[in-house]
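In what follows, every chain begins at residue 1, and chains take the letters A, B, ... in the order their sequences are listed.
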There are 2 protein chains.
Amino acid sequence: MEFSQLRYFEAVARLGNVTKAAHEQHIAQPSMSKALQALEQEVGVQLFDRVGRGVELSDAGALLLPYARRVLAEIQAARQALQARADLTVGHVSLGVTPTVGTRLIPQALATFNRRYQGIQLELHEAGASELVELLNAGVVDLAIVSALVHGVESTTLLSEPLVVVVSQQHRFAQRQSVLASELRDEGFIVFPQGYELRNYTLQLCEQAGFAPRIVLDGGEMDTVVSLVAAGLGVAVVPQLAIDQRIGLHALAIADGGLQRTLRLIRHSQRQPSPAAAALYRVLHEWVSQHYAQASIG
Amino acid sequence: MEFSQLRYFEAVARLGNVTKAAHEQHIAQPSMSKALQALEQEVGVQLFDRVGRGVELSDAGALLLPYARRVLAEIQAARQALQARADLTVGHVSLGVTPTVGTRLIPQALATFNRRYQGIQLELHEAGASELVELLNAGVVDLAIVSALVHGVESTTLLSEPLVVVVSQQHRFAQRQSVLASELRDEGFIVFPQGYELRNYTLQLCEQAGFAPRIVLDGGEMDTVVSLVAAGLGVAVVPQLAIDQRIGLHALAIADGGLQRTLRLIRHSQRQPSPAAAALYRVLHEWVSQHYAQASIG
DNA sequence: TATAAATCATAGTCTGAGGCTATCAATTAT
DNA sequence: ATAATTGATAGCCTCAGACTATGATTTATA
């Protein structure tokens, strides 16, 4: 039972005429006759009664017809669904991010994406970098933004943002524009939890300056950390962009070291991105290049 | 998009493995690979991601899969429906009869049929012989029982029943076993309506005996006619079988003439009977041969 | 880390399903 | 009667879809 046979069968049943159906289906009349015979042979019953000149649907044909129509409708629906997916009028894309990435980039870029592709459903997964790679390999997320260098996946640099030392506006360095890492030897540090890249960056900065940081508070998300800094509890190393919109804080460039956090957009190297995932990929790069032209290294 | 392609696609999606799916579908592995590629080419998207050793359903594949499964289910359902029809576990058959036929034959024969083929729906159409032929040609009824000879359709003799003159038990002939047609010259006749074969038989009998019958009452179905005869209103010519179960009546054989009414089972000569129609055909003949062996001429 | 096993893709061959044209047979309209 | 319409048959041809053999790549294992 081939699809062409069902299509031909439906045409003959609808038109009640082999010749006309053959024309409609763009085949020769004998081919149509043969196709019907083949279908009848396969299902083992006569589908049409050859009555006089002309044919008409038999009892069995009338039984088969609705099934045939449903099959043809399903196939058409499948084609349309795939087409809609390619046209980006429907779809789904899942983005993974590490927790500190979201602050400004994600909401605005996703809002842009959503305005442009109304029918595509967005999904956001927040997790650590290594877990994101697992989600990517498992196919749970299509793309992910991480700050660490990861292996085994295809990655592009989304943007590089400078890391700054942030202090309260009452702090002794509050009037300065930059510090040397070594000047932070006596400061109390507020650091991100285990596993966060920003924690590693911080520890690395101190180590290179030749001291082990005195940790005032360990753990806490971005919001908490910057609030604690504003309250004068200590200093912290954060991305420049994370404090753009905050008041009561002062950012100090790090004169030596010049640390930067690089956000990478990663995707599965072997999996073909869906049209929706490819679109999100484009929108993210586009949004960054328009809003962070100065920060993006490319 | 061929049926086999969807079947293969579903197998690979289910098993996540081209080789195993090829085994299951009884084709060689390269044939499976090629079939998948052909399907992907046709729909214009990748349906599987070839990730490492093994394949897994892509975004587009996941979209297509439910459609494919519905198509396969519909085709299976269609096959089962046709099979059930052939097995006589489901079906439909429509029988046409002329009004005076029904009295004993139809109810009992149809009851037998229904006991044997529980799933098959019966439909009964009562109409005149010429209308029944039209219904037969239009495919509304599968079979019909008529008493007249009709042309252009395939007919078999179901049974021949003798026509008798029926009188009331108070009638002057009530003690006799038979009469000559000419003896009925002075009787009042109750006749069936225009178009009924029994009316024609009656008039024909009188004409051959050399007189025109005096018609007391014209029109009326079988029940009415025999009731009127029992009430002494007149005589009538009816089939022997029609009055078997009645009291207050006396039947007289017609010594000369010896008229018989032949019931014929007709079907369309070009249309292939459905299994249900063929079964009803068999049951009717079978029932007649078992219950009217003496009456059936064959 | 080298070797074996597993898995999918490619190359090349062959057969038959399904297309075509030409024509016949049967029915219906003129 | 004659012409037109319609479906079936015969005979031919092409390519889709099957096969075997083999290659390339990844993963498991000694």
Side-chain angles (χ1 to χ4, degrees), chain A residues 1-43 46-58 61 134 137-139 151-154 268-272, chain B residues 1-43 46-58 61 134 137-139 151-154 268-272:
Chain A
M1 197 183 290
E2 294 302 320
F3 286 144
S4 56
Q5 290 177 339
L6 286 188
R7 204 172 60 240
Y8 297 164
F9 164 71
E10 194 277 337
V12 174
R14 176 163 37 80
L15 299 173
N17 184 304
V18 174
T19 305
K20 290 194 181 75
H23 281 154
E24 188 196 82
Q25 296 292 315
H26 305 111
I27 61 170
Q29 171 264 312
S31 305
M32 181 60 86
S33 289
K34 240 170 70 174
L36 293 182
Q37 286 169 16
L39 182 59
E40 286 179 328
Q41 173 128 30
E42 196 202 316
V43 300
Q46 231 175 277
L47 298 172
F48 293 98
D49 291 299
R50 279 69 173 175
V51 47
R53 116 179 163 186
V55 295
E56 58 185 46
L57 209 55
S58 76
E134 278 176 31
N137 283 328
H151 300 284
V153 293
E154 195 175 311
H268 198 284
S269 56
Q270 294 178 307
R271 218 184 293 273
Q272 163 104 345
Chain B
M1 196 185 288
E2 293 303 319
F3 173 46
S4 57
Q5 288 176 340
L6 286 190
R7 206 174 60 239
Y8 296 166
F9 164 70
E10 194 277 337
V12 174
R14 178 163 37 81
L15 299 173
N17 184 305
V18 174
T19 305
K20 291 194 180 76
H23 280 154
E24 188 196 81
Q25 297 292 316
H26 305 111
I27 60 171
Q29 170 265 313
S31 306
M32 181 61 86
S33 288
K34 241 171 75 175
L36 293 182
Q37 285 168 17
L39 183 59
E40 286 179 329
Q41 175 129 29
E42 197 203 315
V43 300
Q46 231 176 279
L47 298 172
F48 293 97
D49 292 299
R50 279 68 172 173
V51 46
R53 113 179 167 187
V55 295
E56 60 184 47
L57 210 55
S58 78
E134 279 175 30
N137 283 327
H151 299 285
V153 294
E154 194 176 313
H268 198 283
S269 56
Q270 294 178 307
R271 219 185 291 276
Q272 163 104 346

Taking all non-hydrogen atoms of both residues into account, name the closest pair between [X] and [Y] and its distance.
| X | Y | answer |
| --- | --- | --- |
| A:Asp49 | A:Gln46 | OD1-NE2, 3.7 Å |
| B:Glu24 | B:Ala11 | OE1-CB, 3.6 Å |
| A:Val12 | A:Ala21 | CG2-CB, 3.5 Å |
| B:Met1 | B:Val43 | CE-CG1, 3.8 Å |

Practice problem: With heavy atoms under 4.0 Å as the rule, sort A:Gln29 into base, sugar-phosphate or nothing. | Solution: base
Self-check item: Touch class at under 4.0 angstrom, heavy-atom based, for B:Phe48 against every strand present
Solution: nothing
Round to a whole Å and report the spacing from [atom1] of [X] to [atom2] of [N].
| X | N | atom1 | atom2 | value |
| --- | --- | --- | --- | --- |
| A:Met1 | C:dA17 | CE | C1' | 17 Å |
| A:Asp49 | D:dT6 | CG | P | 18 Å |
| B:Tyr8 | D:dC19 | OH | C1' | 12 Å |
| B:Ile27 | C:dC8 | CD1 | C1' | 13 Å |
| B:Leu6 | D:dG17 | CG | P | 12 Å |
| A:Gln25 | D:dG7 | CD | C1' | 17 Å |
| B:Gln41 | C:dA9 | CD | P | 14 Å |
| B:Phe3 | C:dA17 | CZ | C1' | 17 Å |

Practice problem: Using a 4.5 Å cut-off on heavy atoms from C-beta on, say whether the side chain of B:Val18 contacts that of B:Phe48. | Solution: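 They are not in side-chain contact.
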From the set [options], return the single nucleotide nearest to any side-chain atom of [X].
| X | options | answer |
| --- | --- | --- |
| A:Ala28 | C:dT7, C:dG19, C:dT21 | C:dT21 |
| B:Asn17 | C:dC8, D:dG7, D:dT9 | C:dC8 |
| B:Ser31 | D:dA18, C:dG18, D:dT9 | D:dA18 |
| A:Thr19 | D:dC19, D:dG17, D:dG7 | D:dG7 |

Practice problem: Identify, between B:Ala38 and B:Pro30, the residue whose nearest nucleotide on DNA chain D lies closer to the 5' end. | Solution: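 Its nucleotide being nearer the 5' end, the pick is B:Ala38.
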Practice problem: Take B:Tyr8 and B:Leu39 through the test side chain to side chain contact (heavy atoms under 4.5 Å, CB included) and record every step on the way to the result. | Solution: CA-CA 10 Å; B:Tyr8 296 166; B:Leu39 183 59; over 6 Å; no
Quiz item: Does a donor on one side chain sit under 3.5 Å from an acceptor on the other, for A:Gln37 and A:Ser33?
Solution: no
Less than 4.0 angstrom between a side-chain N/O of [X] and OP1 or OP2 of [N], yes or no?
| X | N | value |
| --- | --- | --- |
| A:Gln37 | D:dG7 | no |
| A:Ser33 | D:dA8 | yes |
| B:Lys20 | C:dT7 | yes |

Exercise. Could you grab the distance from atom CZ of B:Arg14 to atom CD of B:Glu10, nearest 0.5 Å is fine?
Key: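 B:Arg14 CZ to B:Glu10 CD: 4.5 Å, rounded to 0.5 Å.
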What protein N or O atoms touch nucleotides 27-30 of chain C N or O atoms at under 3.5 angstrom, if any, and at what distances?
residue: C:dT27; atom: O2; partner: A:Arg53; partner atom: NH1; Å: 3.4

